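Below is one structure; the comments refer to it alone.
First listed ligand is number 1; within each ligand, the first listed atom is number 1. Because the structure is predicted, anything quoted here is derived from the model rather than measured. Any value given below was found using the heavy atoms of this structure, including those in side chains, with hydrogens, waters and symmetry copies removed.
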Amino acid sequence: MSEQVLKDGYGRTINYLRLAVTDRCNLRCFYCMPEEGINYVRRSELLTYEEMVRLVHLLCELGVEKLRITGGEPFLRKDIMDFLRMMSKSALKEIHMTTNGTLTYQHIPVLKSLGVQSVNLSLDSLDSQRFFQITRRDSFQTVMKTFHRLMEFEIPTKINMVVMAGRNTEDIIPMAGLAEKYPVSVRFIEEMPFNGTGDTPVEPWDHVMIRNRLEQHFPSLRKIPTKPGATASHLHVDGFEGNLGIIAAYSRTFCGTCNRLRVTPKGVLRTCLYDEGVFNIREIMRQGATDTQLADLIIDAVAHKAKDGFEAESQRSRLSESMSTIGG
Ligand code: SAM
Ligand code: SF4
């Protein structure tokens with residue numbers, strides 16, 4: 001297989017893989033999972049370590065340069081550090097992780113030594129009671145310890161806060177304050193209906209409302225340039241160490257520059273967060289497909305990628321899955 005580039009029908013180059021390594025989680029974030037959790041995928045249905053390694057090597061040959069390991073909670077997977085070690089020796093140019101920060105602390109020195117480029121830490125409130133109400137678990141102090149250790153090890157960190165009416169809008173300004181003191185990017189994310197129930201948020205807070213709230217408090221707030229393919233609109237406030245970001249995940253304002261491919265814990269390829277999945281890579285691998293056959297299927301799927309998240313959503317049944325089965 002010769003080295004090539006994955007391009008979709010709109011000329012977008014796809015070079016970023018988001019791999020959800022498990023759907024299991026030890027938190028129960030209100031916006032992601034019902035209190036009773038979800039029916040986890042059987043272990044035999046998960047992509048194995050070897051299958052994940054094969055997939056990443058193959059995608060590197062198709063031009064993928066950047067990997068984000070996500071989940072569920074990726075640190076619940078026992079072989080995650082071995083996988084990360086293997087990935088650090090691959091042709092990937094960048095490796096990133098998204099974590100809820102509850103099981104991350106002890107691994108931070110190794111993340112640093114393996115050259116993990118950045119960690120996205122989910123943190124929806126700086127108030128321990130509200131944190132508990134949102135995540136349904138008492139892990140606030142543990143997550144904050146993780147945050148401070150990430151700072152100590154100088155690992156570039158992004159804070160992800162899902163903004164929800166009636167739950168944490170009073171946290172927007174204090175959370176932004178983290179970027180005043182620390183060199184972090186604090187990103188405010190619109191809530192999406194991937195909560196495992198199919199219910200849509202009653203009163204969604206969109207990117208305009210978030211920006212207005214920030215502007216009222218920080219008059220020097222201004223837009224700064226973003227990297228190609230970024231989903232966040234980046235903002236800076238005078239005197240801040242770090243930056244702010246707003247991710248219009250539900251309004252989907254950024255699809256025009258999408259460079260992503262997603263693979264779920266079961267091995268389903270999704271060419272858009274909002275699609276229902278194109279085909280199951282694990283099944284194709286277990287049926288004995290060669291790398292060339294698998295590559296051809298991926299190239300074809302990317303070529304037929306939806307124009308944007310609205311088109312992808314219009315071609316599927318109702319959104320009802322948990323984000324832990326997609327990876328965010
Ligand atoms: N468990 C890890 C964590 O929470 O960081 C990784 C997986 S989690 C599914 C990835 C990201 O998706 C998190 O930042 C989380 O806040 C975000 N997310 C989950 N459900 C969401 C929803 N319904 N709307 C918007 N963002 C969501
Ligand atoms: Fe778990 Fe992350 Fe979903 Fe929260 S957002 S329940 S931490 S997978």
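Relative ring orientation between Y49 and F83 is described as perpendicular, the plane-to-plane angle rising above 60° on a 0-90° scale split at 30° and 60°.
Not a single heavy atom of G71 sits closer than 4.0 Å to an atom of ligand 2.
Closest to atom 3 (C) of ligand 1, if we only count protein heavy atoms, is S122 OG, 3.2 Å. Among all protein heavy atoms, the one lying closest to atom 6 (C) of ligand 1 is G72 O, 3.2 Å.
At a cut-off of 2.8 Å, C25 coordinates atom 1 (Fe) of ligand 2 through an N, O or S atom. Not a single N/O/S atom of C32, whether from backbone or side chain, sits less than 2.8 Å from atom 4 (Fe) of ligand 2.
For ligand 2, the atoms closer than 4.0 angstrom to any heavy atom of C29 are 4 (Fe), 5 (S), 6 (S), 7 (S). Within ligand 2, counting atoms from 1 as listed, the ones closer than 4.0 Å to a heavy atom of S324 are 8 (S).
Contacts with ligand 1 closer than 4.0 Å are made by backbone heavy atoms (N, CA, C, O) of T99 only, the side chain lying farther away.
Using a 4.0 Å cut-off between charged side-chain N and carboxylate O, K145 and E152 make no salt bridge. Looking at R130 and D124, no side-chain N of the basic residue comes within less than 4.0 Å of a carboxylate O on the acidic one, giving no salt bridge.
At most 12 non-hydrogen atoms from other residues, nucleotides or ligands lie less than 6.0 angstrom from CZ of F30.
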